[in-house]
Amino acid sequence: MNYIGSKHTLSDFIVDTITDVIGIENLKNITFCDMFAGTGIIGRKFKNKVNMVISNDIEYYSYVLNRNYIENNSKIKDVDYYINYLNNLPGVEGFIYKNYCLGGHGVRQYFSDENGKKIDSIRQKIEKLKDVQKTRDLYYHLLASLIECSDKIANTTSVYGAHLKYLKESAKKTLILKPAEFDITPKSGKHVAKNIDSNELVNTIKGHILYLDPPYNERQYGSNYHLLNTIAIYDEFIPKGKTGLRKYTPSKYSSKNTVKQEFEDLINKAKFNYIFLSYNNEGLMTGDEIKEIMSKYGKYELYEKEYRRFKADTKRNYSADKTIECLHFLEKELH
């Protein structure tokens, strides 16, 4: 997925730095928490390295992805049958088609009419698996697959804050459901996905490594990826405005007025030995502010990596093609 803040290209730097600092031989029996998981890239990298991954994100579409990629551990029966069955369903004029396709709403064009109907028909069939315990893993696997495949044929520049006026070439392609393949892990490793505010979850968990990748600017994920949440939740509501926005809770990490207080509250309450924070050098908090906060709680270090900037808007003039990812490290003094 084209995802703001994705650590896909930086994952080797992050994983290598964490393992070098902690020591690879110490990872086999530890608990690793990916607190702002997003698409779960970092948690996935550690899934076969540690005993337990706790993956968390306040956005429900992210929870669905990580419920599949992190929590699913063993082969799911009859996946190929369900994928084939869902791909051959006739389209229906459901919520997505009626509100986010030109033929259904007359204004919004996030998907082609054909794809909007396909998303609706597939999503409605997947929902029938939700409340059956023996198909719960299958449910999240298929739903994660639908979210990813829908994103590939969305008529946007990569985020859902707006749609394009005319269908771009990739949006004209017919949606084909492909499985969101996850890593099989030994049954001894118990991995979990959560969908809770991070500053609330930190009160109830403890472990060895806490990896933080919070929003670093004023862009709200709840608005930028609202349509993925709508596909994931698939509830009835009245879409708001030209973009069809759903109600969401703004992140305090995306506000200059609240981010430092929220961040220090999290660091203060964290019951983890090692805390790593991924943060862009152009973020709402400065490097000095982060250092000042983290240094209150133990030994602080900084690791940096230059990388190519993510450009969600190709028409925007960026000051530079490259930026710096800062990996702040705290060895916390636990009492």
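The structure presented is a predicted model; accordingly, all values stated were derived computationally and were not measured.
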Fill in: Option from Asp34, Ile14, Ile18 for which side chain to side chain contact (heavy atoms under 4.5 Å, CB included) with Phe46 holds
Ile18
Item to complete: Please work out which of the three classes, parallel, tilted or perpendicular, describes the rings of His226 and Tyr110, given edges at 30° and 60°.
Response: perpendicular
Worksheet item: Under 30°, 30 to 60°, or over 60°: which ring-plane class applies to Phe32 and Tyr211, parallel, tilted or perpendicular?
Response: parallel
Worksheet item: Would you say the side chains of His208 and Asn273 form a donor-acceptor pair under 3.5 Å?
Response: no
Worksheet item: If you measure only the distance, is there a donor-acceptor pair under 3.5 Å linking the side chains of Asn224 and Tyr248?
Response: no
Practice prompt. Check the side chains of Ser112 and Asn155 for a donor-acceptor pair under 3.5 angstrom, ignoring hydrogens and angles.
Written response: no
Worksheet item: Should Arg123 and Glu127 count as an ion pair when the cut-off is N to O under 4.0 Å?
Response: yes
Worksheet item: With no hydrogens and no angle check, is any side-chain donor or acceptor of Lys47 less than 3.5 Å from a backbone partner on Asp183?
Response: yes
Worksheet item: Side-chain donor-acceptor pair under 3.5 Å between Glu264 and Tyr297, yes or no?
Response: yes
Worksheet item: Less than 4.5 Å apart, any side-chain heavy atom of Lys260 and any of Glu292?
Response: no
Discussion item. Go through it in stages, so that I can follow the logic: the residues are Val159 and Tyr225, the test is side chain to side chain contact (heavy atoms under 4.5 Å, CB included), and I'd like the CA-CA distance, side-chain angles, deciding distance and then a yes or no.
Written reply: CA-CA 6 Å; Val159 297; Tyr225 295 98; 3.6 Å; yes
Worksheet item: What residues, two or more places apart in sequence or in another chain, satisfy side-chain contact (heavy atoms from CB on, under 4.5 Å) together with Glu304?
Response: Leu302, Ile324, Cys326
Fill in: Under 3.5 Å donor-acceptor, Asn115 side chain and Lys173 backbone
yes
Worksheet item: Within a strict 4.5 Å, meaning less than it, do heavy atoms of the Ile4 and Tyr221 side chains meet?
Response: yes
Worksheet entry | ring-ring contact (aromatic ring centres under 6.0 Å, His included) evaluation trace for Tyr279 with His328 | CA-CA 8 Å; Tyr279 211 74; His328 302 267; 7.0 Å; no
Worksheet item: Between Tyr60 and Tyr63, what is the ring plane arrangement, given parallel below 30°, perpendicular above 60°, and tilted in between?
Response: tilted
Discussion item. Using modelled atom types and a 3.5 Å cut-off, is there a donor and acceptor pairing between side-chain atoms of Lys332 and backbone atoms of Asn268?
Written reply: yes
Worksheet item: Got Leu27 and Ile209 here, is their nearest side-chain heavy-atom distance under 4.5 Å?
Response: yes
Worksheet item: Should we say atom CG of Asn84 is surrounded by more than 12 heavy atoms from elsewhere, each under 6.0 Å from it?
Response: yes
Worksheet item: Between Phe36 and Pro215, is any pair of side-chain heavy atoms under 4.5 Å apart?
Response: yes
Practice prompt. Determine the sole option in Leu227, Asn229, Ile233 for which the side chain to side chain contact (heavy atoms under 4.5 Å, CB included) test with Tyr61 is passed.
Written response: Asn229
Discussion item. I'd like to know if the side chain of Thr185 pairs up with that of Asn73 as donor and acceptor (distance under 3.5 Å, no hydrogens or angles considered).
Written reply: yes
Practice prompt. Please lay out, stage by stage, how Tyr234 and Gln124 fare under the test side chain to side chain donor-acceptor pair (under 3.5 Å).
Written response: CA-CA 9 Å; Tyr234 209 68; Gln124 290 173 18; 3.2 Å; yes
Discussion item. How about NZ on Lys271, more than 12 heavy atoms from neighbouring residues, nucleotides or ligands closer than 6.0 Å, or not?
Written reply: yes
